[in-house]
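What follows is a short report on a single structure.
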Amino acid sequence: MTAADASTRIRERFGVEAVMADGVLSVVLPRERWQEFGRVAREELGCAYFNWLSAVDWKDQGLEVLCRVENLDARLVVMMRTRLVAGEARCPTLTHLWRGADWMERECYDMFGIVFEGHPDLRRILLSEGWEGHPLRKDYAVDTPFTPYR
Amino acid sequence: MNTQTQVVELGYGGNERLMLNMGPQHPSSHGVFRMILTLAGETVVAVDAVIGYLHRCHEKLGETLTYAQYPSIASKTDYVAAMTAELAYVSAVERVGKIEVPKRAQYLRVIAAELQRIASHCLWLGTWCLDMGGAIGGGSTVFLYCMREREMILDRFEELTGARLLYGFHQVGGTRYDVPAGWDTKVRATGDFMEKRIDEYEAMLEGNAFFLVRTQGVGVISRELAQEVGVVGPLIRGSGVNYDVRRAEPYSSYRDFDFRVPVETAGDCYARYRVRMVEFRESIRIIRQALDGLPDGPISSRPGVKSVGQVRVPKGEGYARVEGPRGEVGCYLVSDGGPKPYRLKWRGASFTNLAVLPHIIPGHKVADVVAIMGSVDPVFGEVDR
């Protein structure tokens with residue numbers, strides 16, 4: 001499976017153009033096809049290695065979820081990206097495809113407040129249970145008070 | 001007096017479950033980590049790992065510091081391998097900013113990174129053997145031996161940077177320090193000395209039946225699980241996956257050097273131990289080659305960090321990764337063209353390596369939990385960031 005083969009297959013199946021930059025195949029997906037693409041990446045493109053999942057807060061343009069998976073044998077790197085509508089922080093889970101998505105999605109929920117629908121155990125992972133807010137959101141000030149610590 | 005032995009039935013039916021808290025202050029975690037174990041007798045049936053005790057919100061901090069300020073903070077994510085943590089961040093900035101690094105600086109980075117790998121593996125081997133108990137190498141012998149050798153590397157780092165733990169050696173565009181006079185001779189001597197010591201460690205451990213029983217067949221990570229969870233470094237290579245960032249995506253002139261990437265297929269604690277023992281020797285080989293071929297020239301393409309000039313990074317994004325002692329360490333950086341990153345994501349090796357524990361511990365005895373956790377070699381600064 002080369003990057004060119006993967007691009008062709010993605011175009012045929014999803015009607016989106018995969019962009020190759022810096023050795024990474026970026027695919028921008030609508031949220032509804034997130035899991036479907038995940039399955040294709042896992043089963044057809046052979047991306048067994050789950051590298052990381054995270055998000056970027058684009059303020060009034062919504063949150064963007066990024067997920068990097070790789071086929072280590074073919075050296076194929078796929079970056080899945082989806083933009084969530086502003087004010088709506090919900091994204092389907094990938095935990096049923098890669099077990100590594102478990103902790104990564106929990107961290108993403110903790111930091112950005114994105115609810116991964118279908119995650120078996122979505123709770124905070126780095127911050128304490130009673131924490132208010134999600135620190136990596138751009139509207140979360142660095143000096144937000146938190147008693148008794150600050 | 002009745003000398004017959006009396007057997008007292010305690011009424012243990014086998015269905016009772018005991019919840020046991022291991023940590024957050026357990027000596028074997030070498031950090032702050034809590035595992036909530038569910039036990040049936042002495043066998044673990046479920047694990048809930050609780051992390052975050054060392055969380056300092058590095059990613060938010062990265063958004064508030066300039067590209068020149070952050071590298072010295074980056075070393076505090078993985079404080080046992082500060083050199084590679086810094087390298088991951090400056091590599092990401094260089095990738096997004098399209099900043100060239102002179103050849104000499106690339107070689108110096110390789111030397112520093114490989115010395116760091118040896119130092120980090122020393123700490124891992126010593127503490128792991130200490131955790132597994134007195135039968136291995138006579139109490140704390142292996143631990144003290146390893147600390148003694150690690151000390152030699154820290155001395156080399158002190159001569160190079162003035163610091164022994166958190167170095168601030170890397171800067172965007174190159175390195176901050178050049179090698180002092182006579183340093184290469186000392187590094188070569190350290191390498192030669194280390195090589196002999198590694199033979200000693202191996203003889204001490206592999207000839208020890210207790211060590212073999214406690215590591216072979218314990219904590220097996222399958223090839224599939226390793227990739228799915230995204231474990232990296234000696235863990236994924238111990239599970240039969242030939243994945244090393246130095247090979248998969250060579251950075252910093254790693255293409256110039258001849259070295260072997262050890263791969264073991266068993267996936268147990270012993271396989272991970274073997275991978276690291278070979279890496280010790282390969283690191284020494286790389287250091288020798290880098291010292292032999294060290295080119296002349298500038299050590300940075302940018303002025304030193306003390307100068308006022310800002311690092312200019314155009315709008316864009318990129319992910320750069322390096323192979324640390326614990327595996328792939330990477331930074332995903334988004335720049336909006338300003339003096340600070342718009343978003344910084346740390347992909348820590350220890351985070352994913354630790355995430356495999358709930359999958360492999362069930363079915364083992366409590367004593368094995370310590371051996372398995374030690375073989376993962378987690379650094380909690382990097383897990384919690």
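Naming: A, B, ... by sequence-line order, numbering from 1 per chain.
- Between the side chain of A:E105 and the backbone N or O of A:F116 there is no donor-acceptor pair closer than 3.5 Å.
- Your options are A:M111, A:M79, A:E107, A:R42, and the one with the most heavy-atom pairs under 4.5 Å with chain B is A:E107.
- A 6.0 Å sphere centred on CD of A:E132 holds no more than 12 heavy atoms belonging to other residues, nucleotides or ligands.
- Between B:Y67 and B:Y70, the ring center distance fails the sub-6.0 Å criterion.
- At a 4.5 Å heavy-atom cutoff, the contact between A:A55 and chain B is made by backbone atoms alone.
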With side-chain hydrogen bond (donor to acceptor under 3.5 Å, both in side chains) as the criterion, how do B:S375 and B:R272 come out once you've worked through the C-alpha distance, each side chain's angles and the decisive distance to 0.1 Å? CA-CA 7 Å; B:S375 77; B:R272 302 193 267 280; 3.1 Å; yes

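- Under the 6.0 Å cut-off for aromatic ring centres, A:W52 and B:F351 do not qualify, their centroids lying 6.0 Å or more apart.
- Heavy-atom distances place the side chain of B:R223, and not its backbone, under 4.5 Å from chain A.
- Residues of residues 121-128 of chain A that come closer than 4.5 Å to chain B, counting heavy atoms only, are A:R123, A:I125, A:L126, A:L127, ordered by residue number.
- Ranked by heavy-atom pairs shorter than 4.5 Å toward chain B, the options A:D57, A:L72, A:D73, A:L66 are led by A:L72.
- Here the side chains of B:E63 and B:K340 are not in contact, with every heavy-atom distance at 4.5 Å or above.
- Within the 4.5 angstrom heavy-atom criterion, only side-chain atoms of A:R75, from C-beta onward, approach chain B.
- Annotation: cation-pi pair B:K315/B:Y342 absent, no NZ/CZ under 6.0 Å from the ring centroid and within 45° of its normal.
- No other option in A:R68, A:E70, A:R99 has as many heavy-atom pairs under 4.5 Å with chain B as A:R99.
- Residue contact with chain A, scored on non-hydrogen atoms closer than 4.5 Å, involves the backbone and the side chain of B:K60 alike.
- Residue with the most contacts toward chain B among A:D102, A:N51, A:L136: A:N51 (heavy-atom pairs, distance under 4.5 Å).
- Residues forming a side-chain hydrogen bond (donor to acceptor under 3.5 Å, both in side chains) with A:R31 (at least two apart in sequence, or on another chain): A:E88.
- Of the residues considered (B:R95, B:R343, B:R321, B:E317), B:R343 shows the highest number of contacts with chain A, using heavy-atom pairs under 4.5 Å.
- Neither the backbone nor the side chain of A:L94 comes within contact range of chain B; no heavy atoms are under 4.5 Å apart.
- Ranked by non-hydrogen atom pairs under 4.5 Å with chain A, the options B:L354, B:V383, B:V356 are led by B:L354.
- Top candidate by heavy-atom pairs under 4.5 Å with chain A, chosen from B:V334, B:L225, B:T352, B:V241, is B:L225.
- A salt bridge does not link A:R13 with A:E43: every distance from a Lys NZ or Arg NE/NH1/NH2 to an Asp or Glu carboxylate oxygen is 4.0 Å or more.
- A heavy-atom distance below 4.5 Å is found between the side chains of B:T84 and B:P325.
- Of the two parts of B:L61, neither the backbone nor the side chain holds a non-hydrogen atom closer than 4.5 Å to a non-hydrogen atom of chain A.
- The shortest distance between side-chain heavy atoms of A:V27 and A:M80 does not fall below 4.5 Å.
- Put simply, the side chain of A:C47 reaches to within 4.5 Å of the side chain of A:N71, judged on heavy atoms.
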